[in-house]
Amino acid sequence: MQNPHHFDLIVVGAGIVGLAHAYTAVQRGLRVCVIERDAACVGASIRNFGFITVTGQGAGDTWRRARRAREVWGEVAPLAGIEAVHHGLWLTAFRPKAMDVLQAFMATPMAEGCTLFDAGDAASRAPALQLQGAQGVLYSPHEMRVESRTAIGQLTRWLAEAHGVTFRFGEAVLEVATPMVRTSRATLHAERVAVCTNTDLNGLMAERIAPHGLRLCQLQMLRVRPEPGFQLPGSVMADLSLVRYHGYSRLPEAAALLAQLEAEEGESLAHGIHLIVVQSADGSLVVGDSHHYGAVLPPFADQRVDELILQHLRRTLKLKEATVTERWVGTYPSSASTDCLIDRPDDATRLVLVTSGTGASTAFGIAEEVFAQWN
Ligand SMILES: Cc1cc2nc3c(=O)[nH]c(=O)nc-3n(C[C@H](O)[C@H](O)[C@H](O)COP(=O)(O)OP(=O)(O)OC[C@H]3O[C@@H](n4cnc5c(N)ncnc54)[C@H](O)[C@@H]3O)c2cc1C
């Protein structure tokens, strides 16, 4: 009989990064235990848009990992009973300078499979978009949207039932000294440990995290009920996204757009606002977001920030009705230099923190790379 306190891999944290490591490990035949301090994951992984994004991710590591992660989501979601609520991205460019950024993007290898429509063409394909005065619309087929608040639980159950992963919920990990892991309830052992604890910057491995100068980033999110029958063509973004998502914002053409937006949208930029809209199976829209940074962030959502987000929503979509039905905040760690921190405290231990708003889109790709380099 197998010892219930011994595993090949212990994962700390049952968010998408921890689950991606658990999935990758069972694919390699490892016996895995995931330990989560809360009774269920209620962190960033259930608070996000469920927007699995490829186009717009930063060139290099993040785009490569997103491409691979999208493939894995495509394989895993049907097996775990997770619905792909919609596919594709429509990014509307209203300003000529936004169009310049999209044209520059189309000349990069990252535009593979994407189409840049003029406003007339886009209007017939995506009637929900408000395109009066728009210069054009980027369409990307790569994106997929899942309902994160249920998908994380579905993935967890599937890993337990189909792959024999042991989950220990309601148990905080207090110390990792691989092969020993001490929790609030037991002492466990594993050949390897992956610490995927996201915003817990002052807890486990705080001394390893501190030199990286991470801050927290907090986002405001809304659920909005549109009029019955309103249908998004896919995920939707607009001009402000072009100065935030690194795949666009690091193109030279983005500097002129940023200067214009600073003059015209200063208040939104000060709150780190750009528009993402996705749709749920019940027709409601998940809308965001803002970005506020600090060592600690008050959990109080600012009404003015919500108003600004809703203004961008109404400018971008042909909505007759937009009733806010839910508001929440979510947090992730943020780094000025990297989208993902992979630290190797010793041969048997890895600390993996996604230090940007890209974890749903990249975690499966990150986990594969972690294991590929973990001999
Ligand atoms: C509002 C919002 C919107 C976003 N939108 C998107 C999006 O659309 N697309 C995208 O790709 N990314 C998005 N992101 C980013 C993405 O959600 C995160 O990068 C990702 O969820 C991080 O996953 P995680 O597993 O590291 O974190 P989490 O989901 O926070 O999980 C970490 C877990 O570790 C547990 N933990 C911490 N310390 C301990 C301990 N000592 N012992 C046991 N357990 C512990 C916590 O309880 C937590 O459950 C968004 C983020 C936010 C906040």
Side-chain angles (χ1 to χ4, degrees), residues 10-22 33-54 56-57 62 65-66 69-70 73 89 143-149 151-152 155-156 167-176 181-185 193-206 209 216-222 235 237 241 245 272 274 276-278 286-292 297 301 309 327-335 339-341 351-367:
I10 286 177
V11 178
V12 188
I16 188 59
V17 177
L19 298 181
H21 282 77
C33 173
V34 178
I35 309 175
E36 165 58 52
R37 67 180 168 195
D38 287 319
C41 172
V42 290
S45 301
I46 67 146
R47 299 176 192 218
N48 62 34
F49 293 92
F51 179 26
I52 296 157
T53 322
V54 174
Q57 300 291 9
T62 307
R65 289 165 178 167
R70 171 64 183 83
W73 269 111
L89 159 70
E143 285 61 34
M144 171 177 165
R145 201 256 153 174
V146 299
E147 191 68 51
S148 291
R149 64 178 67 181
I152 293 299
L155 196 52
T156 301
F167 282 88
R168 296 176 67 114
F169 282 100
E171 185 165 345
V173 173
L174 306 177
E175 184 186 359
V176 173
V181 172
R182 186 168 61 84
T183 80
S184 49
R185 298 182 190 278
V193 178
V195 176
C196 309
T197 45
N198 198 31
T199 51
D200 191 24
L201 305 182
N202 303 313
L204 279 183
M205 307 210 165
I209 297 171
L216 295 177
C217 174
Q218 186 163 280
L219 293 71
Q220 283 184 215
M221 302 280 286
L222 303 161
S235 305
M237 300 169 102
S241 305
Y245 267 48
H274 77 131
I276 299 179
V277 194
V278 296
V286 177
V287 186
D289 51 16
S290 55
H291 297 79
H292 294 103
L297 293 154
I309 294 171
R327 300 167 199 267
W328 67 97
V329 296
T331 309
Y332 59 72
S334 171
S335 159
D339 286 348
C340 178
L341 170 65
L351 168 67
V352 185
L353 303 178
V354 175
T355 49
S356 58
T358 63
S361 307
T362 57
F364 284 115
I366 292 167

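Read the numbers this way: they start at 1 and go in the same order the structure lists the ligands and their atoms. Scope of the values below: all heavy atoms of this structure, side chains included, with no hydrogens, waters or symmetry mates.
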Interfacing atoms of ligand 1 (cut-off 4.0 Å, heavy-atom, Gly330)
53 (C)
Measuring from atom 53 (C) of ligand 1, which candidate in Val352, Val181, Thr331 has the nearest non-hydrogen atom?
Thr331
Provide the number and element of each atom of ligand 1 under 4.0 Å from a heavy atom of Gly15.
25 (O), 29 (O), 31 (O)
Are Ile16 and ligand 1 in contact, using a heavy-atom cut-off of under 4.0 Å?
yes
Considering heavy atoms of the protein only, find what lies nearest to atom 39 (C) of ligand 1 and give residue, atom and distance to 0.1 Å.
Thr197 CG2, 3.6 Å
Need the ligand 1 atom indices (1-based, order shown) with element for anything under 4.0 Å from a heavy-atom of Ser356.
19 (O)
Taking distance alone, with no angle check, do Ala14 and ligand 1 share an N/O pair under 3.5 Å?
no
Side chain proximity check, Leu155 to Ile16, heavy atoms < 4.5 angstrom
yes
Please determine if Gly43 has a nitrogen or oxygen closer than 3.5 Å to a nitrogen or oxygen of ligand 1.
no
Heteroatom proximity flag, Ser361 to ligand 1, N/O under 3.5 Å
yes
Quick one: look at Cys196 and ligand 1, take heavy-atom pairs under 4.0 Å, and tell me if it's side chain, backbone, both or neither.
backbone
Less than 4.0 Å is my threshold; does some heavy atom of Ala172 fall inside it relative to ligand 1?
yes
Which residue supplies the protein heavy atom nearest to atom 4 (C) of ligand 1, what is that atom called, and how far is it?
Asn48 CB, 3.0 Å
Among all protein heavy atoms, pick out the one at the shortest distance from atom 23 (O) of ligand 1; state its residue, atom name and that distance to 0.1 Å.
Ser45 OG, 3.2 Å
Considering the heavy atoms of Tyr332, write down every atom of ligand 1 situated less than 4.0 Å from one of them.
51 (C)
Are Thr197 and Met205 packed together at the side-chain level, in the sense that at least one heavy-atom pair is separated by less than 4.5 angstrom?
no
Quick one: do the Glu171 and Thr183 side chains pair a donor with an acceptor below 3.5 Å?
yes
Does Glu171 reach ligand 1 with a nitrogen or oxygen that is under 3.5 Å from one of the ligand's nitrogen or oxygen atoms?
no
Less than 4.0 Å is my threshold; does some heavy atom of Ser148 fall inside it relative to ligand 1?
no
Short N/O distance, under 3.5 Å, between Cys41 and ligand 1?
no
Assess Thr53 for proximity to ligand 1: is some non-hydrogen atom of it under 4.0 Å away?
no
Which residue supplies the protein heavy atom nearest to atom 9 (N) of ligand 1, what is that atom called, and how far is it?
Phe51 O, 2.9 Å
closest protein heavy atom to atom 49 (O) of ligand 1 is Glu36 OE1, 2.6 Å
Protein heavy atom at shortest distance from atom 34 (O) of ligand 1:
Gly13 CA, 3.3 Å
Is there at least one pair of N or O atoms, one from Met221 and one from ligand 1, spaced under 3.5 Å apart?
no
Proximal candidate to atom 42 (N) of ligand 1 [heavy atom criterion; set Val278, Ile46, Val173, Leu353]:
Val173
Give a yes-or-no answer on whether the side chains of Asp339 and Thr358 include a donor-acceptor pair shorter than 3.5 Å.
no
Can you give me the closest heavy-atom contact between Leu219 and Tyr332, atom names plus distance?
CD1-CE2, 3.4 Å
Distance to 0.1 Å, residue and atom name: give those for the protein heavy atom nearest to atom 30 (O) of ligand 1.
Asn198 ND2, 2.9 Å
If the plane angle is over 60° it's perpendicular, under 30° parallel, otherwise tilted; pick one for His274 and His291.
tilted
Would you say ligand 1 has an N or O under 3.5 Å from any N or O of Trp328?
no
Counting non-hydrogen protein atoms only, what is the nearest one to atom 13 (C) of ligand 1? Give residue, atom name and distance.
Gly357 O, 3.3 Å
Side chains of Met144 and Arg70: closer than 4.5 Å at any heavy-atom pair?
yes
CG of Leu216 to OG1 of Thr355: how many Å apart, nearest 0.5 Å?
12.0 Å
Any heavy atom of Thr183 under 4.0 Å from ligand 1? The part involved is neither
Is Val42 close to ligand 1, meaning an N/O of one under 3.5 Å from an N/O of the other?
no
Out of Gln220, Arg37, His21, whose heavy atom sits nearest atom 44 (N) of ligand 1?
Arg37
Heavy-atom contacts with Leu219 under 4.0 Å: which atoms of ligand 1 show up? List them by number with element.
1 (C), 2 (C), 3 (C)
